[in-house]
Amino acid sequence: MSDSIKVAVRLRKPSDTESENFVVARVQLDNYIDIQSNRKDESKRFKFDYCATYLDDANQDQEQVYNCLAREYLLHALDGYNTCIFAYGQTGSGKSHTMSGCSESPGIVPRMCRELFEVRDLYELSDEQVSPQFSIKCSYFEIYNETVRDLLGECKCKIRERADKTTFVEGLKEFEVFEVSDMLGFFKQGNERRVVGATHVNGQSSRSHAIFTIQIEQRETTPLGHILERKSSIKLIDLAGSERATASKTSGDHLKEGANINKSLSTLGRVISMLAKTKKPLLIPYRDAALTWVLKENLGGNSKTCMIACVSPCDYEETMSTIRYATLARSVKTSAKLNSNELFDGKEQVQVLRSQLEELRKALSQVENQRAIDDKIEKIHLTNQFLEARIEREQKLTTGYYDQWVQAAQSRDRLMQLLAGIVSSVQDTQVSGLREKVKRLKLRSTELGEKIQANYSATRSITSGPPCVMAGPLSNGTRDSAKNGTIYE
Ligand SMILES: Nc1ncnc2c1ncn2[C@@H]1O[C@H](COP(=O)(O)OP(=O)(O)OP(=O)(O)O)[C@@H](O)[C@H]1O
């Protein structure tokens with residue numbers, strides 16, 4: 001995501017030696033500052049992301065700057081973004097006051113440290129199972145005369161470039177801190193070791209660029225069992241103040257210091273002006289100064305960056321120079337990335353998901369089996385219905401044939417009786433042929449009767465009960481005669 005460097009202006013309170021009558025800068029609303037020229041009676045208005053004027057209560061004044069500007073960068077860092085706040089301005093304009101402050105009115109660094117540990121404690125005390133585990137580290141170094149010095153360690157360090165083109169300070173001591181008091185202790189210790197000198201406007205002028213870095217690592221387990229890791233760094237920078245050699249009337253070592261400070265600040269200005277162009281040149285001169293080399297990522301890379309341009313209320317030239325610098329910085333874009341990693345502690349979760357999948361598969365196959373059984377039952381049911389209909393039809397047919405046969409048998413019996421009467425009245429010799437014919441007829445009739453009876457019994461055994469049509473003719477003597485036939489010798 002592309003971010004512009006956020007630029008704020010902080011107007012310092014006039015000191016005891018400065019008269020309210022000579023104030024040239026006035027903050028209008030929260031976004032505008034008017035600068036009035038001493039010579040020409042004209043005023044210029046400049047717009048920034050935030051403009052802070054001074055309040056009478058020094059602590060409230062500091063709190064306002066922290067709340068309106070700095071807190072946002074702590075929150076970004078807790079989200080997993082690298083952030084950076086740097087205070088820029090002429091000597092004595094209030095940079096150290098803004099970043100460090102004093103015990104009665106602490107500046108951004110101590111306030112941010114306190115709030116960071118408050119957030120950590122809140123998470124640690126909460127019942128939420130997904131609360132992150134914090135690991136907080138800090139380091140502190142200064143760049144003095146183009147040399148990196150560890151303010152918490154022993155040695156001079158070198159700035160190196162990693163394979164991914166980001167830079168780091170090699171050999172810098174980093175301390176894991178568990179309590180805010182430890183962190184503030186390190187900050188105080190570093191400040192005491194910082195190179196300080198006197199300038200024409202500031203008896204306690206910082207002669208080096210000081211970079212206090214807080215590294216935050218958060219590890220949390222999401223409800224799905226994923227491990228979320230967020231890493232971010234907060235760089236809080238108090239730059240050395242720019243000063244004009246003529247104005248500061250310096251010489252010797254102090255002149256060299258001033259020259260180096262101005263060299264690194266002018267390189268910073270050049271880098272900012274190149275980064276501000278829409279068509280950026282391929283080579284940005286980060287390497288030209290230790291300051292820009294170490295801040296490479298914060299100026300043009302993976303960082304959410306804020307510049308606080310501190311201005312003195314009574315110095316038109318210096319204030320205008322700072323305002324121009326700050327205006328340019330507003331066009332610089334960085335590309336902050338979320339430094340978060342989702343670590344999947346896979347094995348166990350995969351196992352659980354696999355067994356769930358297996359159970360679902362089994363349930364599905366049971367449903368399918370049941371469906372197949374239901375289908376089969378339905379088919380059998382239909383076949384049964386069909387068979388029953390068929391049996392009923394055949395039964396009706398058989399009963400019809402049987403009735404016809406019973407009638408035929410009765411007619412035959414009657415005919416036989418008649419024939420027997422006729423036979424007994426004629427000569428034996430004359431009727432022997434006729435008797436034979438009657439005998440064959442009778443046998444044939446008996447065979448047919450047995451066959452029909454067998455079919456009838458088979459049909460009855462298939463169907464549940466006796467067909468009603470059978471009740472009549474077979475229940476009387478006719479049935480037996482039909483079954484057995486009557487043998488006439
Ligand atoms: N907003 C402010 N309200 C009250 N006093 C201030 C404010 N800003 C700065 N001062 C005072 O002004 C003096 C110079 O401020 P400070 O040391 O912060 O300037 P600086 O920009 O860091 O200077 P240098 O670059 O020389 O180190 C200090 O005494 C400081 O307490």
Side-chain angles (χ1 to χ4, degrees), residues 8-20 23 25-27 33 50-70 85-111 142-145 151 187 190-212 236-245 247-250 254-255 257-266 268 291 307-315 317-319 321-323 325-326:
V9 171
R10 184 179 195 189
L11 180 60
R12 173 172 64 71
K13 192 179 180 177
S15 65
D16 296 342
T17 56
E18 290 165 331
S19 163
E20 284 271 358
V23 166
R26 280 200 172 78
V27 168
I33 184 162
Y50 179 68
C51 293
T53 190
Y54 47 87
L55 302 176
D56 284 335
D57 184 319
N59 193 42
Q60 260 184 20
D61 197 28
Q62 294 282 61
E63 193 174 81
Q64 167 189 265
V65 170
Y66 179 77
N67 291 351
C68 299
L69 263 181
I85 301 176
F86 66 94
Y88 173 90
Q90 74 172 102
T91 174
S93 59
K95 298 180 296 296
S96 301
H97 182 77
T98 299
M99 298 310 292
S100 310
C102 54
S103 51
E104 301 81 49
S105 51
I108 287 172
V109 178
R111 282 173 198 269
E142 68 175 354
I143 298 171
Y144 176 69
N145 280 345
L151 290 173
F187 183 60
N191 281 343
E192 281 164 4
R193 292 179 66 181
R194 233 183 125 177
V195 179
V196 178
T199 62
H200 67 294
V201 287
N202 191 359
Q204 283 288 301
S205 175
S206 318
R207 309 312 295 154
S208 66
H209 309 299
I211 301 172
F212 185 71
L236 301 166
I237 306 165
D238 180 8
L239 294 178
S242 58
E243 60 175 336
R244 283 171 289 148
S248 55
K249 301 181 187 74
T250 50
H254 192 93
L255 187 68
E257 270 174 13
N260 274 319
I261 291 168
N262 287 347
K263 181 195 161 204
S264 62
L265 291 177
S266 69
L268 178 64
L291 176 68
M307 170 183 179
I308 305 178
C310 299
V311 291
S312 307
C314 301
D315 191 329
E317 291 298 333
E318 291 283 7
T319 297
S321 154
T322 302
I323 292 287
Y325 210 98

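Counting starts at 1 for both ligands and their atoms, following the listed order.
For a threshold of 3.5 Å applied to N or O pairs, the pair formed by Ser206 and ligand 1 contains at least one separation below that value. Polar contact with ligand 1: present for Ser93 (N/O pair, distance under 3.5 Å). The distance criterion of under 3.5 Å between nitrogen or oxygen atoms is not met by Ala240 with respect to ligand 1. Residue-to-ligand polar distances place Lys95 within reach of ligand 1: an N/O pair is separated by less than 3.5 Å.
Ring geometry for Tyr88 against Tyr325 counts as parallel: the plane angle stays under 30°, on a 0 to 90° scale with 60° as the upper cut.
Of all the heavy atoms in Ser208 and Arg194, the pair that sits closest is O-NH2, 2.6 Å.
When the options Ser100, Pro14, Gly92, Gly101 are ranked by their closest heavy atom to atom 14 (C) of ligand 1, first place goes to Gly92.
Judged by the shortest distance from any of its heavy atoms, Gly89 lies outside the 4.0 Å radius around the atoms of ligand 1. Under the 4.0 angstrom criterion for non-hydrogen atoms, Gln90 is in contact with ligand 1. Distances from ligand 1 to the non-hydrogen atoms of Ser15 include no value under 4.0 Å.
For ligand 1 and Asp61, the ligand atoms under 4.0 Å from any heavy atom of the residue are 1 (N). Remark: ligand 1 atoms within the under-4.0 Å shell around heavy atoms of Gly241 are 25 (O).
The main-chain N or O of His97 is never found under 3.5 Å from a side-chain atom of Ser100 such that the two would form a donor-acceptor pair.
Taking the salt bridge (charged side-chain N to carboxylate O under 4.0 Å, His left out) definition, one finds that Glu192 meets it with Lys188, sequence neighbours left out. Residues satisfying the side chain to side chain donor-acceptor pair (under 3.5 Å) criterion with Asp57, sequence neighbours excluded, are absent altogether.
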